[in-house]
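Note sheet for the following structure.
Keep in mind that what you see is a predicted model, and the values were worked out from it rather than measured.
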Amino acid sequence: MNKDELKKRTKAFSLAVVDLVEKMDYSIAKKAIMAQLVRSGTSVGANYRASLRARSDKEFASKINIVLEEADECVFWLEIVLEKKWADVSALLNEANELTSIFVSTLKTMRTKQL
């Protein structure tokens, strides 16, 4: 997967998270969790874009670490939504896990190159 494809994929993920939250009914607990999910979900795409403007490999790795943290946080919040049975987020959870794996692999590759 090239950078442009991953850029589109992370943006689509961000949009899917927003779509999910907009469809959820209201409760205080849901509101808190959905806010966290929107923040982390949209950060995946935004921070990946930022990583593409990195001026060095070290800066790129730092920004990808942020993307990884946000993607993993999305996995957590989506697991909560799924376990509470608030919505069927199986496909979105799968995508969050795949994105997490992609960014873990990216960092491993970078570490190997730096050795």
Side-chain angles (χ1 to χ4, degrees):
M1 175 173 295
N2 68 38
K3 292 176 184 181
D4 286 333
E5 291 170 336
L6 192 51
K7 189 174 167 181
K8 288 177 186 174
R9 188 169 173 179
T10 57
K11 184 177 184 180
F13 177 75
S14 296
L15 290 167
V17 166
V18 171
D19 288 345
L20 166 69
V21 170
E22 287 180 337
K23 293 176 186 171
M24 298 285 294
D25 59 323
Y26 179 83
S27 79
I28 292 173
K30 286 178 186 174
K31 181 181 177 185
I33 289 170
M34 293 299 110
Q36 290 294 107
L37 183 56
V38 167
R39 284 185 199 105
S40 59
T42 55
S43 288
V44 172
N47 284 300
Y48 180 69
R49 288 175 69 111
S51 75
L52 298 177
R53 294 186 304 277
R55 295 165 292 203
S56 67
D57 285 348
K58 188 174 180 179
E59 185 179 358
F60 178 76
S62 176
K63 290 183 183 294
I64 290 295
N65 265 306
I66 294 167
V67 176
L68 173 58
E69 288 172 11
E70 298 295 343
D72 188 54
E73 184 177 337
C74 283
V75 169
F76 176 78
W77 296 122
L78 289 166
E79 286 173 348
I80 296 294
V81 171
L82 189 65
E83 289 176 31
K84 292 296 291 178
K85 297 181 173 99
W86 290 340
D88 181 10
V89 294
S90 304
L92 202 51
L93 181 57
N94 184 53
E95 179 66 356
N97 277 313
E98 285 183 21
L99 289 170
T100 300
S101 294
I102 288 168
F103 295 118
V104 166
S105 295
T106 300
L107 287 168
K108 284 182 180 178
T109 299
M110 289 200 66
R111 286 186 190 115
T112 302
K113 287 181 181 178
Q114 292 173 349
L115 296 177

Q: May I ask you to test the Val67-Lys63 pair for a side-chain heavy-atom distance under 4.5 Å?
A: no

Q) Given side chains that start at C-beta, do those of Leu92 and Val81 come closer than 4.5 Å, heavy atoms only? A) no

Q | Closest non-hydrogen atom pair, Phe13 against Cys74 | A | CE2-SG, 3.8 Å

(Q) Can a donor-acceptor pair be found, under 3.5 Å and without considering hydrogens, that links the side chain of Asn65 to the backbone of Ala61? (A) yes

Q: Please assess Leu6 against Phe103 for the test side-chain contact (heavy atoms from CB on, under 4.5 Å), listing each intermediate value before the final yes or no.
A: CA-CA 10 Å; Leu6 192 51; Phe103 295 118; 3.8 Å; yes

Q: Give, for atom CD1 of Ile64 and atom CG of Leu52, the distance between the pair rounded to the nearest 0.5 Å.
A: 7.0 Å

Q | Inter-residue atom distance Ile33.CD1 - Ile28.CD1, 0.5 Å rounding | A | 12.5 Å

Q. Is there a donor-acceptor contact under 3.5 Å from the side chain of Glu5 to the main chain of Asn2?
A. yes

**Q.** Any donor-acceptor N/O pair, Ser62 side chain to Lys58 backbone, under 3.5 Å
**A.** no

**Q.** pair Val75-Leu99: side-chain heavy atoms closer than 4.5 Å
**A.** no

(Q) Do Leu15 and Val17 sit in one hydrophobic cluster, given that two such residues count as connected whenever their side-chain heavy atoms are within less than 4.5 Å of each other, even indirectly? (A) no

Q) Which residue pairs pass the side chain to side chain donor-acceptor pair (under 3.5 Å) test when at least one of the two sits in residues 9-20, sequence neighbours left out? A) Arg9-Glu95, Arg9-Glu98

Q | Distance-minimising heavy-atom pair for Val21 and Val38 | A | CG2-CG2, 3.5 Å

Q | Flag, side chain of Arg49 to backbone of Gly45, donor-acceptor distance under 3.5 Å | A | no

Q. Which heavy atom of Tyr48 sits nearest a heavy atom of Lys7, and at what distance?
A. CE2-N, 3.6 Å

Q.
Do Val89 and Trp77 make a side-chain contact, defined as non-hydrogen atoms from C-beta onward lying under 4.5 Å apart?
A. no

(Q) With a 3.5 Å distance limit and no angle check, can you tell me whether Asn94 reaches the backbone of Ser90 through a side-chain donor-acceptor pair? (A) no

Q: Report the residues that fulfil salt bridge (Lys or Arg N to Asp or Glu O under 4.0 Å) with Arg55, sequence neighbours left out, ordered by chain and then residue number.
A: Glu59

Q. Between Met110 and Asp57, which heavy-atom pair has the shortest distance, and what is it?
A. CE-O, 3.3 Å

Q) Does the side chain of Thr106 come within less than 4.5 Å of Phe60's, by heavy atoms? A) yes

**Q.** Distance in Å, Ile80 CD1 paired with Met34 CE, rounded so as to fall on 0.5 Å steps
**A.** 10.0 Å

Q.
In the structure I gave you, are the side-chain heavy atoms of Leu78 and Leu82 within less than 4.5 Å of one another anywhere?
A. no

Q: Measure the spacing between CE of Met1 and CD1 of Ile102 and express it to the nearest 0.5 Å.
A: 5.0 Å

(Q) When you group the ILVMFWY residues by side-chain heavy-atom contacts below 4.5 Å and let the links chain together, are Phe76 and Val18 in the same group? (A) no

